Amino acid sequence: MTGDRYGSEIARVTVKAFRHLFPDLARSLPDLYIFHTDLLYERLETPKNPEMGNYALPLFDLAKITRKNPAEINSELTVVQNNVVRKDENLAHLSFEAVGGFNNARVSTAKLAESVLKDIAKKADDYGSSDEGSGKNIVIDFSSPNIAKPFGVGHLRSTAIGASLYRVFEKLGYKPIGINHLGDWGTQFGKLIVAYRLWGSEMMNKDPITGLYDLYVKFHKEEENDPSLSDKAREAFKALEDGQQEEAELWKEFRDLSLQSFMQIYDLLNVRFDYYHGESFYNDKMDITMDRLKKAGLIMESEGAQVVDLEQYDLPPCLLAKADGATLYATRDIAGILYRWQEFRFHKALYVVGSAQRDHFKQVFKVIELLEEAEGTPPEERIRSRLHHVEFGWIKFQDKAMSTRMGNIIILEDVLAKATRLAREMIVAKNPNLSDIDGTAEMIGVGAVIFADLSTRKHIDVNFDWDAVLTFEGETGPYLQYTHARLCSLVRHYAREIPPVSDFSCFDRQEENRVLDLLYRFPQIILEAAETYEPYVISSYLLNLGAAFNKVYQRKDDAGRIDKIISDDINLTAARMALVNAVRVVIREGLRLMGIEAPEEM
RNA sequence: GCCCCCGUAGCUCAGGGGAUAGAGCAGUGGUUUCCUAAACCAUUGGUCGCAGGUUCGAUUCCUGCCGGGGGUACCA
């Protein structure tokens with residue numbers, strides 16, 4: 001219940017009331033959750049409908065234990081609760097109400113306003129920050145596109161989720177270490193080298209990445225008619241692995257070209273990495289890794305390949321080396337884990353990789369576990385429990401998987417460019433005097449694309465839908481940016497320092513309570529996003545906050561006129577501006593955590 | 001074959017043993033002498049894939065089936 005002051009208070013009052021109501025039960029079943037503040041706190045829910053209050057406790061199971069009607073317990077309970085609260089002026093802001101089997105608790109809007117607005121005014125952008133992660137490294141492996149292939153929308157999820165988790169953990173005081181595990185090694189380079197030698201001159205005079213991509217697609221097409229190409233590709237890769245100069249030079253050229261083009265995209269997305277250790281980075285660590293696994297007695301030969309048998313764990317064998325001796329990606333991942341542990345002593349290592357690779361990570365993590373057992377690593381040095389595969393669903397297009405090989409892919413740069421162009425048109429139509437039209441259009445276009453990607457839970461497969469990404473209305477990034485821009489506009493209109501609020505009693509409406517309740521929960525939302533590795537928690541929260549505020553912003557008085565934030569009533573205006581500023585700060589910070597910029601005007 | 005994920009409004013998605021199943025988009029009707037209408041308000045729309053089971057209570061948990069996707073040793 002860290003930080004949730006009101007929840008704790010409600011739990012305490014309720015436990016007190018239960019002890020009073022059920023003294024016999026407290027003796028016979030002292031461990032029952034209703035007699036323990038922390039256990040009862042765990043049972044508190046947020047009411048379905050905000051009008052029902054700020055917290056709710058369902059009493060149905062209690063009805064069973066006490067053999068009483070839940071509604072009856074509830075009405076007796078609320079009488080006692082309200083009595084307790086009335087007698088203690090420190091708790092006078094709480095009230096309880098019985099609604100069927102739900103015991104609903106409310107925090108007075110004025111009190112909520114006082115604590116939340118003061119807190120946010122003081123901490124500003126640091127609201128919701130903590131130092132719980134202080135001194136702890138979190139390795140985040142994300143994005144990891146394949147060299148020599150275009151950066152498709154399929155790679156957006158890993159990039160957006162990873163970049164967001166990076167910021168979330170950083171806000172909680174951890175030291176995140178972002179690693180881009182580039183796919184810069186493997187048999188596809190054999191294919192590219194062969195393709196380049198055969199058709200390179202005709203393809204490579206256009207844009208290099210498009211050229212490489214065309215070569216890749218062409219290779220796969222030709223391979224169907226000419227199986228000997230596959231053998232040539234294998235040979236070329238073998239030559240590369242053996243360090244043949246000609247192959248190595250080609251590889252380096254492909255890698256440099258790709259990296260250059262990826263950097264443009266990362267700049268647009270505002271994503272950065274601490275390391276670009278791709279797969280090739282581990283080439284010189286493979287022998288040591290294999291030796292270590294051999295020494296631990298984990299490796300056996302099977303059908304010519306070197307494997308770790310995992311049958312007793314219900315997993316297919318983990319392949320470490322092919323029959324021809326070439327290593328595989330599992331080997332590189334294992335080497336990567338060992339290297340990262342040695343280098344960073346991470347508290348956790350996250351692998352933001354699609355769910356298609358679930359079995360792969362299960363295998364790799366299991367091998368690590370077996371290695372630690374075999375080597376007798378002391379418990380505090382073991383890393384298995386620190387490793388997490390943060391998996392997510394596919395991005396499909398028209399219900400089909402996108403495939404680079406088939407040439408059926410949507411290029412992220414095109415999507416970003418299209419969204420930005422559309423945003424620009426909108427600005428020109430609506431706010432042509434805006435000073436930085438191009439810069440703002442980019443923030444909006446890119447923000448729309450990122451938000452769309454982070455606005456569904458990560459585990460489900462999503463269909464890429466041009467319309468969904470290019471919509472700026474409703475539950476979208478631009479909706480939040482727009483709300484934020486209007487808040488900034490209010491601050492500009494107010495045109496003076498927002499003074500400390502002296503009287504919070506003007507916050508007395510349901511809609512304001514809702515906004516304040518959401519602001520109050522922001523720190524918990526960040527924690528939840530970190531615990532579940534789920535940026536969606538933040539996007540959905542921000543939409544609720546935006547909608548709740550817009551309701552306040554556009555409410556009307558009895559005469560049907562907009563009840564303005566800025567009015568002749570100086571004190572009322574100052575108080576409302578404190579609320580405006582708080583919402584502005586939280587939306588801007590929330591968007592930042594998602595990797596989205598918030599323009600002050602749009 | 002076996003394993004995993006998904007199936008909720010026309011569309012895209014939330015919810016996840018209990019309070020009338022929620023949003024956005026699309027549809028319909030409103031709101032601006034303008035604190036940015038990229039907004040707000042109202043309204044239409046659901047046998048929560050199907051069939052059983054557990055339970056006082058299931059859209060939610062369990063089993064089976066149907067439909068979609070993914071994984072299942074030398075790709076990553």
Side-chain angles (χ1 to χ4, degrees), chain A residues 45 47-49 52 56 58-61 63-64 70 99-102 104 144 146 181 183 185-188 191 279 302-307 314-330 332-333 353-360 362-363 391 393-394 396 399-401 405 423 426-427 429-431 434 444 448 452 455-457 459-463 465 467-468 471-483 485-494 536 540 543-544 546-547 550-556 560 562 564-567 573 576-577 580 601-602:
Chain A
E45 298 175 358
K48 241 178 179 151
N49 186 334
M52 296 162 174
L59 299 173
F60 302 95
D61 58 333
K64 210 172 189 175
V99 182
F102 286 92
N104 294 336
S144 309
N146 290 322
H181 191 71
W185 204 249
T187 29
Q188 77 263 26
K191 295 175 185 176
E279 296 185 61
S302 168
E303 296 170 34
Q306 305 286 309
V307 308
D314 258 345
L315 288 168
C318 184
L319 262 87
L320 299 176
K322 300 199 269 191
D324 66 7
T327 54
L328 288 154
Y329 69 122
R332 284 188 282 272
D333 273 338
V353 181
S355 53
Q357 291 190 47
R358 182 186 305 158
D359 284 356
H360 163 71
K362 274 192 190 162
Q363 290 173 302
E391 57 180 69
W394 285 82
K396 297 176 293 179
D399 282 317
K400 276 180 277 192
R405 293 186 191 189
M426 216 146 189
I427 294 170
K430 291 173 187 252
N431 194 0
L434 188 66
I444 295 167
S455 61
T456 56
R457 296 210 91 109
H459 70 276
I460 64 166
D461 292 348
V462 296
N463 232 329
D465 176 2
D467 290 342
T471 305
F472 300 161
E473 286 170 19
E475 298 176 329
T476 64
Y479 168 86
L480 290 171
Q481 290 171 320
Y482 178 69
T483 302
R486 286 210 300 204
L487 288 157
C488 291
S489 171
L490 282 168
V491 172
R492 280 194 303 274
H493 275 265
Y494 188 60
Y536 159 81
S540 115
L543 289 173
N544 286 334
N550 280 324
K551 215 165 225 182
V552 169
Y553 181 73
Q554 298 204 35
R555 71 183 161 193
K556 297 182 175 169
I562 295 270
K564 292 197 171 183
I565 301 281
I566 298 173
S567 68
T573 301
R576 287 180 170 178
M577 283 309 296
V580 162
E601 270 181 88
M602 62 188 269

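Excluded from the calculations below are hydrogen atoms, water molecules and symmetry mates; all remaining heavy atoms, backbone and side chain alike, are included. Because the structure is a prediction, the values reported are computed rather than measured. Chain A is the first sequence line, chain B the second, and so forth, proteins listed ahead of strands; every chain is numbered from 1.
- Under the rule for a side chain to side chain donor-acceptor pair (under 3.5 Å), A:Gln363 has no partner lying at least two apart in sequence or in another chain.
- Nucleotides B:U8 and B:G16, compared at atom C1', are 11 Å apart to the nearest Å.
- Side chain A:Asn104 to base B:A19: a donor-acceptor pair is found below 3.5 Å.
- With no hydrogens or angles considered, no side-chain donor-acceptor pair links A:Thr471 and A:Thr476 at under 3.5 Å.
- Straight-line distance between the C1' atoms of B:G7 and B:C50: roughly 11 Å, to the nearest whole Å.
- Atom pair A:Arg555:CZ and B:A42:P shows a separation of 15 Å (rounding to whole Å applied).
- Between B:A9 and B:A21, the distance separating the two P atoms is 14 Å to the nearest Å.
- Contact check for A:Val99 versus A:Met52: no side-chain heavy atoms found under the 4.5 Å cut-off.
- The distance between atom CD of A:Glu473 and atom P of B:G27, rounded to the nearest whole Å, is 11 Å.
- The aromatic ring of A:Phe102 sits over the base of B:A19, with ring centres less than 5.5 Å apart and planes inclined by under 30°.
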Polar atom pairs (N or O), protein with nucleotides 30-33 of chain B, under 3.5 Å:
residue	atom	partner	partner atom	Å
B:U31	O2'	A:Lys556	NZ	2.7

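- Nearer the 5' end of RNA chain B, as judged by each residue's closest nucleotide, is the contact made by A:Lys564, out of A:Gly546 and A:Lys564.
- Looking at heavy-atom distances under 4.0 Å, A:Leu490 makes contact with a base.
- Take A:Thr483 and apply the side chain to side chain donor-acceptor pair (under 3.5 Å) test, not counting sequence neighbours, and it matches A:Asn550.
- Distance A:Asp314 CG to B:G71 C1': 14 Å, rounded to the nearest Å.
- Checked against salt bridge (charged side-chain N to carboxylate O under 4.0 Å, His left out), A:Glu391 has the following partners two or more places apart in sequence or in another chain: A:Arg358.
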| request: Would you give a per-nucleotide map of nucleotides 5-13 of chain B, 5' to 3', where B means the base has a protein non-hydrogen atom under 4.0 Å away, S means only the sugar-phosphate does, and - means neither? | output: -S------S
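- With B:C35, B:A76, B:U36 as the choices, the nucleotide that has an atom nearest any side-chain atom of A:Leu328 turns out to be B:A76.
- Residue ring and base: A:Tyr553 counts as stacked with B:C35 (centre distance below 5.5 Å, interplanar angle below 30°).
- A:Ser302 comes within contact range of at least one nucleobase, with a heavy-atom separation under 4.0 Å.
- OP1 or OP2 of B:U36 lies within a sub-4.0 Å distance of a side-chain N or O belonging to A:Ser489.
- Across B:U20, B:C35, B:U36, the shortest atom-to-atom separation from the side chain of A:Ile565 is found for B:C35.
- Phosphate proximity of B:C41 to A:Lys551: present, with a side-chain N or O under 4.0 Å from OP1 or OP2.
- The OH atom of A:Tyr553 sits 12.5 Å away from atom CZ of A:Arg576, with the distance rounded to the nearest 0.5 Å.
- Within 4.0 Å of A:Ala56, counting heavy atoms only, lies at least one base atom of the nucleic acid.
- Taking atom P on both nucleotides, B:U60 is separated from B:A37 by 44 Å, rounded to a whole Å.
- Protein atom OH of A:Tyr479 is 14 Å distant from nucleotide atom C1' of B:C25, rounded to whole Å.
- In RNA chain B, the stems built from three or more successive Watson-Crick or G-U pairs (distances below 3.5 Å) are B:1-7 with B:66-72, B:10-13 with B:22-25, B:27-31 with B:39-43, B:49-53 with B:61-65.
- Within 4.0 Å of A:Arg576, counting heavy atoms only, lies no atom of the nucleic acid at all.
- Taking atom CD1 of A:Ile444 as the reference point, atom C1' of B:A39 lies 14 Å away to the nearest angstrom.
- Candidate nucleotides B:A73, B:C75, B:C35 were compared by shortest atom distance to the side chain of A:Val307, and B:A73 ranks first.
- The separation of B:C65 from B:G10, taken at their P atoms, amounts to 29 Å, rounded to a whole angstrom.
- A:Asn146 places its CG atom 10 Å from the C1' atom of B:C75, with the value rounded to the nearest Å.
- Residues A:Ile565 and A:Thr573 fail the side-chain proximity criterion, which asks for heavy atoms closer than 4.5 Å.
- Residue-level contact check: A:Glu601 touches the bases, meaning some heavy atom is under 4.0 Å from a base atom.
- Looking at residues two or more places apart in sequence or on another chain, you find no salt bridge (charged side-chain N to carboxylate O under 4.0 Å, His left out) involving A:Arg486.
- At whole-Å resolution of the value, CG in A:Asn550 and C1' in B:U36 are 11 Å apart.
- When heavy atoms are screened at a 4.0 angstrom cut-off, A:Leu434 is found touching no nucleic acid atom at all.
- Applying the side chain to side chain contact (heavy atoms under 4.5 Å, CB included) criterion to A:His493, with sequence neighbours excluded, gives A:Ser489, A:Ile566.
- Residues that satisfy the salt bridge (charged side-chain N to carboxylate O under 4.0 Å, His left out) test with A:Arg492, not counting sequence neighbours, are absent from this structure.
- Spacing of P atoms, B:C48 relative to B:A58, comes out at 13 Å, to the nearest Å.
- For A:Glu279, whose side chain is taken as the heavy atoms from C-beta onward, the closest listed nucleotide among B:A76, B:A73, B:A19 is B:A76.
- Nucleotide B:A73 holds its P atom 10 Å from the CG atom of A:Asp359, rounded to whole Å.
- The shortest heavy-atom contact between A:Phe102 and A:Pro58 is CE2-CB, 3.8 Å.
- Every residue two or more places apart in sequence or in another chain that forms a side chain to side chain contact (heavy atoms under 4.5 Å, CB included) with A:Ser302 is listed here: A:Val307.
- The distance from the CG atom of A:Leu480 to the CG atom of A:Leu543 is 5.0 Å, given to the nearest 0.5 Å.
- In terms of position along RNA chain B, the nucleotide closest to A:Asn49 lies nearer the 5' end than the nucleotide closest to the other residue of the pair A:Asn49 and A:Met426.
- Taking the P atom of each, B:A19 and B:G30 are spaced 36 Å apart, rounded to whole Å.
- A search for salt bridge (charged side-chain N to carboxylate O under 4.0 Å, His left out) contacts involving A:Asp61 returns A:Arg43, not counting sequence neighbours.
- The shortest distance between the side-chain N/O atoms of A:Arg492 and the OP1/OP2 oxygens of B:U36 is not below 4.0 Å.
- A:Ser540 meets the side chain to side chain donor-acceptor pair (under 3.5 Å) test with no other residue; sequence neighbours excluded.
- B:C62 sits 34 Å from B:G45 when the P atoms are compared, rounded to a whole Å.
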